[in-house]
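The sequence lines fix the lettering, A, B, ..., with proteins before strands; numbering per chain opens at 1.
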2 protein chains.
Amino acid sequence: MEKQHNLSKNQKIIFDLIDKSPEPLKAYSILFNVQKKGINAPLQVYRALDKLVEIGKIHKIESRNAFIACQNSSCQISKATAFSICESCEKVSEISNTKLSKYLSNFADESGMKYTKYNLEFFGLCKKCKSK
Amino acid sequence: MEKQHNLSKNQKIIFDLIDKSPEPLKAYSILFNVQKKGINAPLQVYRALDKLVEIGKIHKIESRNAFIACQNSSCQISKATAFSICESCEKVSEISNTKLSKYLSNFADESGMKYTKYNLEFFGLCKKCKSK
DNA sequence: TTGTAAATGTTATATTATTACATAGTGTTA
DNA sequence: TAACACTATGTAATAATATAACATTTACAA
Ligand SMILES: [Zn+2]
Ligand SMILES: [Zn+2]
Ligand SMILES: [Zn+2]
Ligand SMILES: [Zn+2]
């Protein structure tokens, strides 16, 4: 059974915005968009983002400093994430590939380090951009 | 044959600093450290960093906004990078594992997107921190 | 109902990165 | 050599991203 997270007011406003967006959103663009809803300060946005990331409802695209809603309901609380990023149009998709996630979750090298989390970002040209 | 890149004065100063550092360095920490060598402005640092990343001499650790020297001479110009990051002591190492890099370089999913580059960051506790 | 954790509100500030513009060096070729 | 293109440098200003510190309020379980 998944733990149920009842989002708070600010968290819900911000999650809904990200969830509806076809593209990753940046923190200050989120701030701009929610000011009409009474969220006025960067910290209010960042706190909601932190929480949403923590509970796995959204992910941060590190190379872009931007946030997208989790497109993979079975995503294990942001512990194992993979994305594809088009370097031309900046379209980002979450990759959910069982083989890939198994391979990476079980990955171990000679360092003796046990990995509990990973984030993978693939880059290239999406179908549309490739055919231009 | 690898293309030879003769580093410019600023590039060399900044590469040497990063290369000698046991830990990833942040841009403004680099700036602070090279001011005695006549590099005074953020842009001078960022320009050198951009170039060094481009030619594969250093890599950016995206989740940390920090830079490390390439520890893998055969690294294909920053097109395929993997790192291990200790979430306790923040030690970062570049992973060079042929199987892993082959697996990821050949990865393809149903999206029809051809990936030309990837960056992978593993997180966990290093040996030292685990045994504490 | 009282204690505790989570969330909010607000101001200020820290950190990371880029724009714009002027100048200087490096190497190639006419 | 002169002309050219390209890369690198210097400097100032500013944009974009993120956190610290502090006061207050809300949710909710013991
Ligand atoms: Zn997900
Ligand atoms: Zn595209
Ligand atoms: Zn490398
Ligand atoms: Zn450690």
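The hydrophobic cluster containing B/Ile68, built from Ile/Leu/Val/Met/Phe/Trp/Tyr side-chain heavy atoms closer than 4.5 Å, also comprises B/Ile61, B/Phe83, B/Ile85, B/Val92, B/Phe123.
With sequence neighbours excluded, the residues that form a side chain to side chain contact (heavy atoms under 4.5 Å, CB included) with B/Asp109 are A/Ile95, B/Phe107, B/Ser111, B/Tyr115. Under the ring-ring contact (aromatic ring centres under 6.0 Å, His included) criterion, A/Tyr28 pairs with no residue at all, not counting sequence neighbours. Residues passing the side chain to side chain contact (heavy atoms under 4.5 Å, CB included) test with A/Lys130 are A/Leu125, B/Lys114, sequence neighbours excluded. With sequence neighbours excluded, the residues that form a side chain to side chain donor-acceptor pair (under 3.5 Å) with A/Glu90 are A/Arg64. In this view, B/Lys12 and B/Asp16 satisfy the side chain to side chain donor-acceptor pair (under 3.5 Å) rule, not counting sequence neighbours. In this view, A/Glu121 and A/Ser63, A/Asn119 satisfy the side chain to side chain donor-acceptor pair (under 3.5 Å) rule, not counting sequence neighbours. For the side chain to side chain donor-acceptor pair (under 3.5 Å) test, residues two or more places apart in sequence or in another chain that qualify with A/Glu87 are B/Lys117.
Recorded end-axis angle for the helix from C/dT1-D/dA30 to C/dA30-D/dT1 stands at 30°, based on five pairs per end and rounded to 10 degrees.
Proximity of a side-chain donor or acceptor of A/Asp19 to a complementary backbone N or O of A/Phe15 within less than 3.5 Å is not detected.
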| How does protein reach along nucleotides 3-16 of chain C, written 5' to 3' as B (base within reach of a heavy atom under 4.0 Å), S (only sugar-phosphate), or - (no contact)? | ----SBBBB----B

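Note that the first and last nucleotides of DNA chain D, 5' to 3', having any atom under 4.0 angstrom from a heavy atom of chain A are D/dT17 to D/dA21.
Counting only residues at least two apart or in different chains, salt bridge (charged side-chain N to carboxylate O under 4.0 Å, His left out) contacts with residues 23-39 of chain A are absent.
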